[in-house]
S.K.: 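Okay, here's the structure, questions in a sec.
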Amino acid sequence: METGAIPDGDLTGGFDAYLTIESGQTYRWTRSDGRLYAADPSADAWYELAIDGEVIRVRPTGDGLEWRSTTDADPIIRRALRLDDDLERIVDAAPDDPLIQAAYEAHRGLRLVRDPPFDTLISFICSAQMRVERINTMVSTLAREYGTAIEFDGRTHHDFPTPDQLATATESDLRDLGLGYRAPYVVDTARMVADGEAHPADAAELPYEEAREYLTRFVGVGEKVADCVLLFSLGFDEAVPLDTWIRKAIAATYPECDRGSYAETSRAIRDRFGGEYAGYVQTYVFHALRTGTLSV
DNA sequence: CGCCAGGCCTTAC
DNA sequence: GTAAGGCATGGC
């Protein structure tokens with residue numbers, strides 16, 4: 001076992017593990033107390049991630065983070081939780097707007113995540129018309145049933161399935177696991193990636209709007225899910241997924257941004273949210289509205 | 001019971 | 001290109 005720590009001084013602008021991991025961006029982490037999304041997280045619980053054949057356990061301390069892992073987890077944690085982002089600068093750059101400022105103020109330390117592209121693609125295909133708690137259940141089920149088991153510290157963890165592993169599933173299998181009408185989407189998309197027809201990581205090379213179009217070739221991926229993959233996996237910080245909560249905010253607070261089509265409305269709200277880091281703003285506003293911290 | 005959840009697909013115009 | 005209807009499932 002390797003262990004280490006990331007001092008508070010490295011986390012410019014702060015870091016809140018609960019807000020970052022339990023705000024509906026990532027479905028790859030579990031919590032050692034089994035109470036993910038509980039309103040009162042126990043302070044001494046570990047967040048746990050199985051990725052690329054390794055297991056990482058992380059928890060906040062009074063001075064930053066401590067971790068235990070099968071490997072040197074420092075670079076993996078920094079990348080996955082974007083700990084090297086200058087969050088202070090990002091917050092300072094946010095537009096002077098009441099809703100945006102209130103959302104940032106309410107959730108200090110919330111960072112964007114960076115998950116593997118295939119994992120994110122499948123996770124957000126599952127997200128259609130589904131609450132975040134149940135998305136997490138679906139993704140955990142896929143990992144348990146199709147992902148590689150890894151033993152660490154006396155417990156079994158499951159990596160997210162590779163395209164090849166997930167492509168062995170049938171629509172019927174996934175319906176039996178509770179995925180509903182998303183089952184054929186997941187199977188077809190996994191096969192597309194496994195067969196080498198396309199890979200979500202390839203979108204990273206394209207300009208933002210072309211990248212979004214590229215991702216819609218996968219079955220079950222429309223513009224909204226594509227935006228989530230771009231934002232939570234591929235580093236397109238300007239992406240603003242237009243989900244039900246952001247659409248409520250547009251209708252109530254930014255009606256002039258409703259331009260009818262997804263593409264045009266997306267451009268308008270992206271500009272209103274400050275452009276370069278509009279996706280950061282979106283994630284704060286989404287979380288504030290979804291949890292009822294703020295309302296519009 | 002009805003409504004909703006980080007929507008997408010097919011079909012029709 | 002846009003609009004309408006169908007689609008699984010579980011919580012409230």
Side-chain angles (χ1 to χ4, degrees), chain A residues 19-29 36-39 103 107 110 112-113 115 119-142 169-190 192 200 209 212-234 236-237 239-251 258-267 269-270 273 278-296:
Chain A
L19 289 173
T20 300
I21 294 172
E22 306 194 42
S23 53
Q25 311 178 64
T26 175
Y27 301 95
R28 296 284 283 102
W29 294 79
L36 216 51
Y37 303 114
H107 302 305
L110 169 59
L112 285 178
V113 299
D115 276 340
D119 312 23
T120 310
L121 183 68
I122 297 298
S123 294
F124 280 91
I125 287 172
C126 291
S127 78
Q129 292 291 105
M130 199 51 56
R131 289 181 172 82
V132 298
E133 293 84 352
R134 289 199 57 216
I135 300 167
N136 199 290
T137 299
M138 288 182 183
V139 173
S140 297
T141 299
L142 291 178
T170 66
E171 175 181 341
S172 174
D173 293 336
L174 298 190
R175 283 186 184 271
D176 288 346
L177 293 175
L179 267 68
Y181 61 78
R182 304 155 196 78
Y185 302 164
V186 169
V187 171
D188 289 347
T189 288
M192 288 174 71
E209 292 191 347
R212 190 174 65 203
E213 275 309 300
Y214 176 89
L215 291 175
T216 62
R217 75 188 54 205
F218 295 105
V219 182
V221 179
E223 291 170 300
K224 186 272 170 185
V225 167
D227 264 333
C228 288
V229 176
L230 295 177
L231 182 61
F232 303 134
S233 176
L234 299 179
F236 287 84
D237 294 347
V240 179
L242 300 182
D243 79 309
T244 176
W245 293 102
I246 295 300
R247 287 183 181 280
K248 283 180 186 173
I250 292 171
D258 185 356
R259 306 293 169 83
S261 75
Y262 187 100
E264 293 299 327
T265 301
S266 175
R267 286 178 187 162
I269 195 67
R270 183 161 77 250
F273 280 1
Y280 243 106
V281 172
Q282 179 275 164
T283 296
Y284 276 78
V285 171
F286 167 82
H287 186 66
L289 296 181
R290 186 183 72 79
T291 59
T293 302
L294 299 176
S295 56
V296 290

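Residue numbers begin at 1 in each chain, while the letters A, B, ... track the order of the sequences. Just so it is clear, the model here is predicted, and its values are computed rather than measured. Just so it is clear, the values below take in all heavy atoms, side chains as well, and ignore hydrogens, waters and symmetry mates.
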S.K.: Starting at atom CZ of A/R182, determine the distance to atom P of C/dC7, rounded to an integer number of angstrom.
M.R.: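 It works out to 14 Å between those atoms.
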S.K.: How would you label the contact of A/G24 with the nucleic acid (heavy atoms, under 4.0 Å): base, sugar-phosphate, or nothing?
M.R.: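 Base contact - A/G24 has a heavy atom under 4.0 Å of at least one base atom.
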S.K.: Could you tell me whether A/R290 contacts a base, only the sugar-phosphate backbone, or nothing, with contacts defined as non-hydrogen atoms closer than 4.0 Å?
M.R.: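 Here A/R290 touches the backbone only, sparing every base.
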S.K.: Does A/Y27 have its ring centroid less than 6.0 Å away from the ring centroid of A/F124?
M.R.: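 A/Y27 vs A/F124: aromatic centres under 6.0 Å.
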S.K.: For A/Y262, answer base if it contacts any base atom (sugar-phosphate contacts may also be present), sugar-phosphate if it contacts only those atoms, and nothing otherwise; contact means non-hydrogen atoms under 4.0 Å.
M.R.: nothing
S.K.: Specify the closest pair of heavy atoms between A/L179 and A/C126, including all atoms of both residues, with the distance to one decimal.
M.R.: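 Reported closest heavy-atom pair: CD2-SG, 3.9 Å.
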S.K.: Which part of the nucleic acid does A/E223 contact within heavy-atom distance under 4.0 Å: base, sugar-phosphate only, or nothing?
M.R.: sugar-phosphate
S.K.: By nearest atom, which of the nucleotides C/dT9, C/dC7, B/dC4 is closest to the A/R131 side chain?
M.R.: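 Looking only at heavy atoms from C-beta outward on A/R131, the closest nucleotide is B/dC4.
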S.K.: Look up atom CD in A/E209 and atom CZ in A/R267, then write down how far apart they are to the nearest 0.5 Å.
M.R.: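 Atom-to-atom, A/E209:CD and A/R267:CZ are 4.0 Å apart.
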S.K.: Among C/dT2, B/dA5, C/dA8, which nucleotide has an atom closest to any side-chain atom of A/T244?
M.R.: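 Ranking C/dT2, B/dA5, C/dA8 by closest atom to the A/T244 side chain puts B/dA5 first.
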S.K.: Consider the side chain of A/M130, meaning its heavy atoms from C-beta on, and name the nucleotide among B/dC8, C/dT9, C/dC7 that approaches it most closely.
M.R.: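 My answer, after comparing the listed nucleotides, is C/dT9.
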S.K.: Ignoring backbone atoms, establish whether A/R134 has a side-chain N or O less than 4.0 Å from OP1 or OP2 of C/dT9.
M.R.: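 False: A/R134 side-chain N/O out of range (4.0 Å or more) of C/dT9 OP1/OP2.
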S.K.: Is the phosphate of B/dA5 approached by A/K248 (side-chain N or O, under 4.0 Å from OP1 or OP2)?
M.R.: yes
S.K.: Could you check how far CG of A/L242 sits from C1' of B/dG7, rounded to whole Å?
M.R.: 12 Å
S.K.: Between C/dG6 and B/dG2, how many Å separate the two P atoms, rounded to a whole number?
M.R.: 15 Å
S.K.: What is the distance from CD of A/Q129 to P of C/dG11, rounded to the nearest Å?
M.R.: 17 Å
S.K.: When the nearest nucleotide of DNA chain B is assigned to A/T216 and to A/I246 on a heavy-atom basis, which residue is associated with the more 5' position?
M.R.: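 The residue mapped nearer the 5' terminus is A/I246.
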S.K.: Could you report the tightest heavy-atom contact between A/I269 and A/L242, atom names first, then the distance?
M.R.: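 Shortest heavy-atom contact: CG2-CD2, 3.9 Å.
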S.K.: Regarding A/T170 and A/S172, is there a side-chain donor-to-acceptor distance under 3.5 Å anywhere?
M.R.: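 No - no donor-acceptor pair under 3.5 Å links their side chains.
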S.K.: Could you tell me the separation between the CG atom of A/L174 and the C1' atom of C/dA8, rounded to a whole number of Å?
M.R.: 13 Å
